[in-house]
Peer 1: 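Handing you this structure, nothing more for now.
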Amino acid sequence: MLITETDEKSRLQWWKDAKFGLFIHWGLYALPAKGEWAMYAARTPVAEYEQLAKQFNPVKFSAKEWVNLAKTAGMKYLVITAKHHDGFAMFHSKVEKFNIVDATPFQRDPIKELAEECQKQGIKLCFYYSHVIDWHHPHSIHEYYNNTWDYQLEDKAFYRYWNQIAKPQVKELLTRYGPIGLMWFDTAGGLSKKDSREMVDLVHNLQPDCLVNSRVSHWPGMGDYQSKGDNEIPMYAEDTKPWETPMTLNKSWGYHIQDQDWKKPESIIYKLVNIVSKGGNLLLNVGPTAEGLIPEQSTKRLLEIGDWINRNSEAIYETDPSPFPYEFDWGAITVKSGKVYLHLYHKYCPQNELVLCGLKCKVAKAYFLANGIPLETNQSYQAEGDHHELRILLPSELPDQYVSVMALELDEQLEVDESFIQQASGTIKLDLVHADIDLKKQQATWDFKVVNPGTFEVVLVNFKKEGVDWAEDGGKKHVVNVNGQRLEVIPKEDIILEESQSCQYPYREVNSNLGRIKLHRDTFTLSLISDTVREKPQFTEIWQAEAVKLRAIKLIPVI
Ligand code: H79
């Protein structure tokens, strides 16, 4: 089938406008309640795992309530695990008896019930399908994660799995449940280019409008949009393709009774805003119980987010990303034609006055979406230092609870200074993805503009995986050169942030002080030399493979 460029755009439009979806990890693994990798972790024999099906009777499941919750939360699509790595089909499959209708006392097809509710309530139904890993089937083969306790790798004949299970089940999902928004494939390690392409084509041939995520393959460029790594939030303009962050509310995907480490509502809202301001979608996960209930802690959070979106929907749906290439300390930006939205994170927002550098076009009006009361603004161009400045007086109390959204109405076409420019707080943030990289020299360089001169602490920003020894993976020599000043240091874990705009479990943001430099008002080039300097990886599914990731350099003014 030939897909032209304009088709391509319109096929994706609903999804790009949607911004927010619900991920549901639901399966037999809700019974042991240790997450969806329980079978693999315990090396549970297939015969024993199959016994779980006999106890699986989620009588409290209500498609109507789940879809209603997604809608109330402001989500526009829903992705449910039709089959996860354990091989259990949560729909009535005709090609494999190991499914919820034929193998459980429940005997209902929740996918069918969800399909009907989604149609009724106007939300797009989508499927997660584990197309490569299947620990139940004797012939599935993944690069690493196979059931080798029941089956011998050398006895496996991959195409028996591929032709008898994977493709037929995908066909069932796309022919029996009405129009499907997208197919969410996962962990394609070892799948050939030809087989990956075959799966993409199978989906598009059955439902041309159905989107496919990039995790259908480890071969680059496949699928309609980019799935980021689990819980990965990219930097600004890191992606050229439309993208989505799959994200957990605690640390687990499938129901995990012991995992009560829930993200705070405010940090989920910060992350939603951060993602949307970078042009991405947030696919936020819940793991329902074996009774068929979405955990109360999850429901509570979704309702709270829904409340916020409801008040601020104008600044979320159908918006374009921020035109600035860096994260702001105080929050994030989204835009629509003629309007710029400033999402103020109360926790990090300055009092009295917000200053935005780099907006070149004229602002006609500023007000909070919550109340519409006009705010006093002052715009100027500072010839010395060549920068534009917008000052907005803030009321003593911000109108929302965690994030208040301000609209700027523009008099002219949106135009910004896209260079790295000092922020009003005095900070300059240089993301690695926007550096010029010279791999031979192990060097990253950036140009940036100083508006308020002074002394700066040079801070290295890394994401460190939980449990990793810093000395081994982070503590290597770094050299910084800027304006004739040179720092040579072995960075330490000076600050481990509690909360970070784009870093989350299983990573923590580590800030290391590299030393101080002095800069006057001018444009400078900074270079960083370190063997941690890398080109950005081709695909991001294995986001969690690296122990320490270099993300940015920050220059923070010393007062
Ligand atoms: O469906 C969720 C995960 O089950 C799935 N992707 C999200 C959306 C996923 N499949 N594979 N992986 C994630 C990466 C594999 C990570 C592993 Fe592990 C590290 C497997 C074994 C070691 C995670 C940590 C599972 C057990 C320990």
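Position 1 is the first residue of the sequence, and the numbers go up from there. Each ligand, and each atom within it, is numbered from 1 in the order the structure gives.
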Peer 1: Would atom 24 (C) of ligand 1 count as contacted, meaning some protein heavy atom under 4.0 Å?
Peer 2: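 No.
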
Peer 1: So for ligand 1, is Thr187 a polar contact partner (N or O within less than 3.5 Å, distance only)?
Peer 2: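 In this structure, Thr187 places no N or O atom under 3.5 Å from an N or O of ligand 1.
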
Peer 1: Does atom 8 (C) of ligand 1 have any protein heavy atom closer than 4.0 Å?
Peer 2: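 Within 4.0 Å of atom 8 (C) of ligand 1, protein heavy atoms are found.
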
Peer 1: Do Asn99 and Ser93 meet the criterion of a side-chain donor-acceptor pair at a distance under 3.5 Å?
Peer 2: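 Side chains of Asn99 and Ser93: no pair found under 3.5 Å.
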
Peer 1: What are the atoms of ligand 1, with element, lying closer than 4.0 Å to any heavy atom of His84?
Peer 2: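 Counting atoms of ligand 1 from 1, those under 4.0 Å from His84 are 1 (O), 2 (C), 4 (O).
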
Peer 1: Out of all atoms in ligand 1, which are within 4.0 Å of some heavy atom of Tyr128? Include the element for each.
Peer 2: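 Those of ligand 1 that fall under 4.0 Å from Tyr128 are 1 (O).
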
Peer 1: Counting both backbone and side chain atoms, is some N or O of Trp37 under 3.5 Å from an N or O of ligand 1?
Peer 2: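 The answer is yes, given that Trp37 and ligand 1 share an N or O pair closer than 3.5 Å.
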
Peer 1: Non-hydrogen atoms of His85 versus ligand 1: any pair closer than 4.0 Å?
Peer 2: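 Contact check His85 vs ligand 1: positive.
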
Peer 1: Should the proximity of Asp186 to ligand 1, defined as any heavy atom under 4.0 Å, be assigned to the side chain, the backbone, both, or neither?
Peer 2: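 Within the 4.0 Å criterion, Asp186 contacts ligand 1 through side-chain atoms alone.
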
Peer 1: Does one side chain, of Tyr29 or Asp86, offer a donor that lies under 3.5 Å from an acceptor on the other?
Peer 2: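 Absent: no donor and acceptor within the cut-off.
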
Peer 1: Under a 4.0 Å heavy-atom limit, does Gln544 contact ligand 1 with its side chain, its backbone, both, or neither?
Peer 2: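 Looking at Gln544 and ligand 1, no heavy atom falls under 4.0 Å.
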
Peer 1: Please work out which of the three classes, parallel, tilted or perpendicular, describes the rings of Trp26 and Phe56, given edges at 30° and 60°.
Peer 2: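 Phe56 and Trp26: tilted rings.
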
Peer 1: Quick one: sort the Phe158 and Tyr161 rings into parallel, tilted or perpendicular, breaks at 30° and 60°.
Peer 2: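 Ring orientation, 0 to 90° scale: tilted.
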
Peer 1: May I ask whether Tyr145 has any heavy atom positioned less than 4.0 angstrom from an atom of ligand 1?
Peer 2: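 For ligand 1, residue contact (heavy atoms, under 4.0 Å) with Tyr145 is present.
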
Peer 1: What about Asp230: any of its N or O atoms under 3.5 Å from an N or O on ligand 1?
Peer 2: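 Asp230 vs ligand 1: N/O contact under 3.5 Å present.
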
Peer 1: So, Tyr507 and Asn231: side-chain donor and acceptor under 3.5 Å apart, yes or no?
Peer 2: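 No, Asn231 and Tyr507 have no side-chain donor paired with an acceptor closer than 3.5 Å.
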
Peer 1: Taking the inter-plane angle between the rings of Phe23 and Tyr128 on a 0 to 90° scale, is it parallel (under 30°), tilted (30 to 60°) or perpendicular (over 60°)?
Peer 2: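 Rings of Phe23 and Tyr128: tilted, as their planes differ by 30° to 60°.
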
Peer 1: Under a 3.5 Å cutoff, is there a donor and acceptor pairing between the side chains of His25 and Thr81?
Peer 2: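 Judged by distance alone, the side chains do not pair up.
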
Peer 1: Among all protein heavy atoms in this structure, tell me which lies nearest to atom 2 (C) of ligand 1, with the distance rounded to 0.1 Å.
Peer 2: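 Here the closest protein heavy atom is His25 NE2, 3.3 Å.
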
Peer 1: Using the ring centroid of each side chain, check whether Tyr236 and Tyr326 are separated by less than 6.0 Å.
Peer 2: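 Ring-ring flag for Tyr236/Tyr326: false, centres at least 6.0 Å apart.
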
Peer 1: How far is atom 4 (O) of ligand 1 from the closest protein heavy atom, and which atom is that?
Peer 2: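 Protein heavy atom with the smallest distance to atom 4 (O) of ligand 1: Glu36 OE2, 2.5 Å.
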
Peer 1: On the six-membered ring of Tyr40, is Arg43 placed so that its NZ or CZ lies under 6.0 angstrom from the centre and within 45° of the ring axis?
Peer 2: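 Judged by the rule, Arg43 and Tyr40 form a cation-pi pair.
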
